**Student:** 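Have a look at this one.
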Amino acid sequence: MNKNNLYFNSKYIWHPYDSIVKPLPCYFVSSAKGVHITLQSGVQIIDGMSSWWSAIHGYNHKKLNQALKKQIDHMSHVMFGGFTHKPAISLCKRLLNILPKKLKRIFFCDSGSVSIEIAMKMALQYWKALKIKKNKFLTIRNGYHGDTLFAMSVCDPVNSMHNLYHNVIPKNLFSKQPQISFQEKWNICDIKSFNDNMMKFHHIIAAVILEPIVQGIGNMQFYHSEYLKNIRLICNIYNIPLIIDEIATGFGRTGKLFAFQYSNITPDILCIGKALTGGMLTLSAVITTQKISDIISNNYPYKFMHGPTFMGNPLACAVASKNISILQKGLWKQQVRCIEKYFINNLFLMKNHPRIKEIRVLGAIAVIECYHFVNLKLIQKFFVNHGVWIRPFKNIIYLTPPYIIKKYYLKKMIIAIKYAIQNNRFFIL
Ligand SMILES: Cc1ncc(COP(=O)(O)O)c(C=O)c1O
C-alpha cells in the first residue's frame, strides 16, 4: 500500500523544487503530533524545521485544533467581497494589538509570496495615486521574498531563480549584502552601498523591501540591527515607503515577536505569513499605515486593486486568532531563549570542524554553513535514519524547530548533524 502510494506520488505529484522525471525521495507521513512526525512505517522522527518556519507550537496542537473545529461548524468560507465575519474581525483586533500603532490597515491574502506581490502593488498604487512616476524597488543582495514573478524580482539576482526568468521579471535595484553581522560591532560603512543607491535612484524608487535582521533562504545571514535602523532613516529622508518581509521571522522566531523590533523601527508596509496560523492553514496579511491606505483609497480608481478568492478565510482567521492568543500568553519567549541557549552551548563546539565555514545562532534559528553543498538525497536519508527531520539547502544545514521542543530532542538533532558533517558522502566535493 505504502509502496504503491509512493510510486503514484513519484509519477503524478510534483514536489517543491523538484523534478517529476527524477524526483528526490519522498517520505510518507501518516501523522504528526508535538515535535514528532510519524512515517507510514511507524517510525517517528523529530521535527527540526517547523514545516518551513510555520508550525511554531508543534503539530496537532489541541487548542489550535479546537479553534478550527469550532469554526468549521459555523462556516468554512464565504467570499470577502461584500461580506465580513467575526473570525476576520477578531484576528484584525488581535493583530492591531501586537503591532506598532502606526500600522493600522490590514489586507488578508493566501500565501507569503502573494503578500509580497500585494505589498509591492500597494507601493506602486500609492505613487500612482500621487501622480508621481516611480516603479523600481530597492533591496539588498541575497534576499528571498517568494517564488511568484514580482516577488522573484526582489530575490537575489544571482543566487536565485532570477537567471531562469530574467527576460520576464521586472528589473529592480540591489545594494550589497550587509557585511556586519548581528553580533559584531556596528560600522556605518555597511550602509554605504544602500545609501549610494538611494541617492542615485530615489526619484524612481517606489519602495525599499527587505527581510528584517535574518535573511532567510537567500543564505541565512543575520545582519546588524543598526543596518535596519539606518535603512529606516534613509527611507524617511527620501520619503520612500519601507516594506518589511516578516514572513519567515515573524511571531517570535528570532527572539522578538517581530524581528524589526530589534531595530526599534516601524515599517510602512508589513508582510506576515507562515507562523500566522501556527502552521495550520495558509494565510498571510499585508498591513500598512493610514497614510498609504488613505492615499490609495482617495485617488483614482478609489480602491485597492486586489481580491483573492479565499481572502479572509474564516477557518484560517479563527486558527490564527488562537495562535496569537497563545503567543500573547508569552511562554514562547522563554521557549525561544532556551533553544537559543542550547544551540549556543552545544553547536559552537563544532565551529572548528574543517567542513564548517560558520555557525550562526539567533533565537530559535541555528545555521551551520559548510564549505560544500550537501547531497540532499543522501544527507536527508541519513537524518531520517537518525530519527530527525532536517532539510538542508545548498551549503546550509539549519534548524528552526517548534518552540515547544525539549533539550533532549535538540541534542538528538545536534548529534545527527555532528555525524553528518564527518561524512564526505553527504557533500558535493
Ligand atoms: C522571507 C520570505 N518571504 C516570502 C516567502 C514566501 O512565502 P510562501 O512560501 O508562503 O509563498 C518566504 C518563504 O519561505 C520567505 O521566507
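Both counts, for ligands and for their atoms, begin at 1 and track the order of listing. Remember, predicted model here, so these are calculated numbers, not experimental data.
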**Student:** Output the set of protein residues with a heavy-atom contact under 4.0 Å to ligand 1, ordered first by chain identifier and then by residue number.
**Tutor:**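 Contacts of ligand 1 under 4.0 Å: S111, G112, S113, Y144, H145, G146, E211, D245, I247, A248, K274.
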**Student:** Taking the six-membered ring of Y262 (Phe, Tyr or Trp), confirm whether the NZ or CZ of K256 is under 6.0 Å from its centre and within 45° of its axis.
**Tutor:**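 Yes, K256 and Y262 form such a contact.
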**Student:** Please indicate whether I72 has more than 12 foreign heavy atoms, meaning atoms of other residues, nucleotides or ligands, lying under 6.0 Å from its CD1.
**Tutor:**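 Open: at most 12 neighbouring heavy atoms sit under 6.0 Å from CD1 of I72.
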**Student:** In Å and rounded to the nearest 0.5 Å, what is the CD1 to CZ distance from I365 to F343?
**Tutor:**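 Answer rounded to 0.5 Å: 9.5 Å.
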**Student:** Please list, chain by chain and in numerical order, all residues satisfying side-chain contact (heavy atoms from CB on, under 4.5 Å) with E340, sequence neighbours excluded.
**Tutor:**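 Only I344, V361, L362 meet the side-chain contact (heavy atoms from CB on, under 4.5 Å) criterion with E340.
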**Student:** Tell me whether W127 contacts the main-chain N or O of A206 through its side chain, where contact means a donor paired with an acceptor under 3.5 Å.
**Tutor:**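 Checking the backbone N and O of A206 against the side chain of W127, a donor-acceptor pair under 3.5 Å is found.
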**Student:** Does R355 make a cation-pi contact with F427, if we ask for NZ or CZ under 6.0 Å from the ring centre and within 45° of the axis?
**Tutor:**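 Yes, a cation-pi geometry holds between R355 and F427.
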